[in-house]
Amino acid sequence: MDDFDLELDEMELVAAAAGYYYYNSINRLPCRSSLPSGSGFMTEVLDGHDDLCREMFRMDKHVFHKLCNTLRQRGMLRDTAGVMIEEQLAIFLNIIGHNERNRVIQERFQHSGETISRHFNNVLKAIKSLSREFLQPPPLATPPEIFCSSRFYPYFKDCIGVIDGMHVPAHVPAKDQSRFRNGKGVISQNVLAACTFDLQFIFIYPGWEGSAPDSRVLRAVLDDPDQNFPHVPEGKYYLVDTGYSNMEGFIAPYLGVRYHLHEFRGANQLPRNARELFNHRHSSLRNVIQRSFSVLKDRFPILKVAPQYGFHIQRDIVIAACVLHNYIRCEERNDWLFASIDGVAVEELPDFHDQPEMQLASSIQEQIAFSLRESIAAAMWNDFINKWDQW
């Protein structure tokens, strides 16, 4: 019996060992959860499924390759002995597209921390230098998004874009944190942005402290010729929200009248007068900049957190992200992130902390803007009442 028990113990050990090795063989099957590192990572992404490139590099393969060729042909970046331009750009996109730390990128690309930092800064500088080319003034013709809609045309036929502030979490020294704390208590930089109705950015001005009102940032830009804000031709205008003054070239909604889209839901959804109808259509049209912000931050999540970089680097990351946003929009109209937001209204909650500063515009500017807004609202309401048009 003793010999029989010993034989059973040996069989149990063999069975346990066989089970252990079988279990591990299952977990080493090709459906692995991690990607290879070093040169194998680049090969895996660029030779693999399109979705993998979109996930890791935040753009389609052909867009990635064309951007690499542009940077190479213009001499903005150069291949080095150990790191090709493709890998340099991939390092940069992995960092801003996943908010990865240097140590994680070291492991993924098998380079030193110094090499990662150097190429990150080189690519950041190169992408930022493309801003004049890809952040362009809007066309003066009526945008097709307005022209082809009876809700917006002919009322907003002279509108050329939308302006708003975008708050990006910021990492600043303790002595500066009170200035950078915005109305919601978050330490951020206030970024002035203008965009077209095609979701492309026209102008970006990052770096303002989060406590600065949107209207003050816009006024500082308009008063400083060095900022190169696109000239607003006579008769043309941008749409702005209630955080800005209603003045020539910048049309704001009516104050004290419901404005945000969620306020027009439920039993009282229909507008009751000309000002409510104007505000609803103004809000619907202006929502394009919220959709632009949404796509930008979803593509580059580093803009959702406070990265541990010097503040000048944080500013430049915002500019570079907007340049890449426009580049992708130009090169791939069917980009998956843009497609996901097509026709979708992004919810915008009112910011009661951001009210326009007083006496920013001259009485003449205000009167011109007031008269224009009144004439648009009247024409819009007249057609709505008599034609029962969609609203």
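For reference, positions follow the sequence shown, starting with 1. Below, each value reflects all heavy atoms present in this structure, side chains not excepted, and no hydrogens, waters or symmetry copies.
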Return yes when atom CZ of Arg78 has more than 12 non-hydrogen atoms of other residues, nucleotides or ligands closer than 6.0 Å, and no otherwise.
-> no

Looking at Glu107 and Arg101, does any basic side-chain N land under 4.0 Å from a carboxylate oxygen?
-> no

Can the ring centroids of Phe92 and His119 be said to lie less than 6.0 angstrom from one another?
-> no

For the residue pair Leu303 and Ile317, establish whether any side-chain heavy-atom pair is separated by less than 4.5 Å.
-> yes

Is there side-chain contact between Glu209 and Gln189, with at least one heavy-atom pair below 4.5 Å?
-> no

Decide salt bridge (charged side-chain N to carboxylate O under 4.0 Å, His left out) for Glu248 and Lys236; before the verdict, give the C-alpha distance in whole Å, the side-chain angles of both, and the deciding distance to 0.1 Å.
-> CA-CA 9 Å; Glu248 186 179 12; Lys236 301 293 183 178; over 6 Å; no

How about Ile202 and Leu135: do any of their side-chain heavy atoms sit closer than 4.5 Å?
-> no

Are Asp214 and Leu192 side-chain neighbours, meaning at least one heavy-atom pair lies under 4.5 Å?
-> no

Does the distance from a Lys or Arg side-chain N to an Asp or Glu carboxylate O, for Lys125 and Asp316, drop under 4.0 Å?
-> no

Do His325 and Phe201 have ring centres separated by under 6.0 Å?
-> yes

Would you kindly check if the NZ (Lys) or CZ (Arg) of Arg373 is within the cone defined by 45 degrees around the ring axis of Tyr254 and under 6.0 Å from the six-membered ring centre?
-> yes

Leu277 side, atom CG; Arg272 side, atom CZ - distance, nearest 0.5 Å | 12.5 Å

Below 6.0 angstrom between ring centroids: does that apply to Phe147 and Phe156?
-> no

For the rings on Tyr244 and Phe250, is their centre-to-centre separation under 6.0 Å?
-> no

When Val162 is tested against each of Asn287, Ile289, Asp241 for side-chain contact (heavy atoms from CB on, under 4.5 Å), which residue passes?
-> Ile289

Any side-chain donor paired with an acceptor under 3.5 Å for Ser211 and Asn182?
-> no

Salt bridge Arg54-Asp335, side-chain N to carboxylate O under 4.0 Å = no

So, are Glu100 and Arg108 salt-bridged, with charged N and O less than 4.0 Å apart?
-> yes

Any side-chain heavy atom of Arg275 within less than 4.5 Å of one from Glu374?
-> yes

Lys297 NZ: over 12 foreign heavy atoms closer than 6.0 Å | yes

Taken to the nearest 0.5 Å, the spacing of Arg291 CZ from Ile341 CD1 works out to 7.0 Å

Within-4.5 Å side-chain heavy-atom neighbours: Cys159 and Ile251 | no

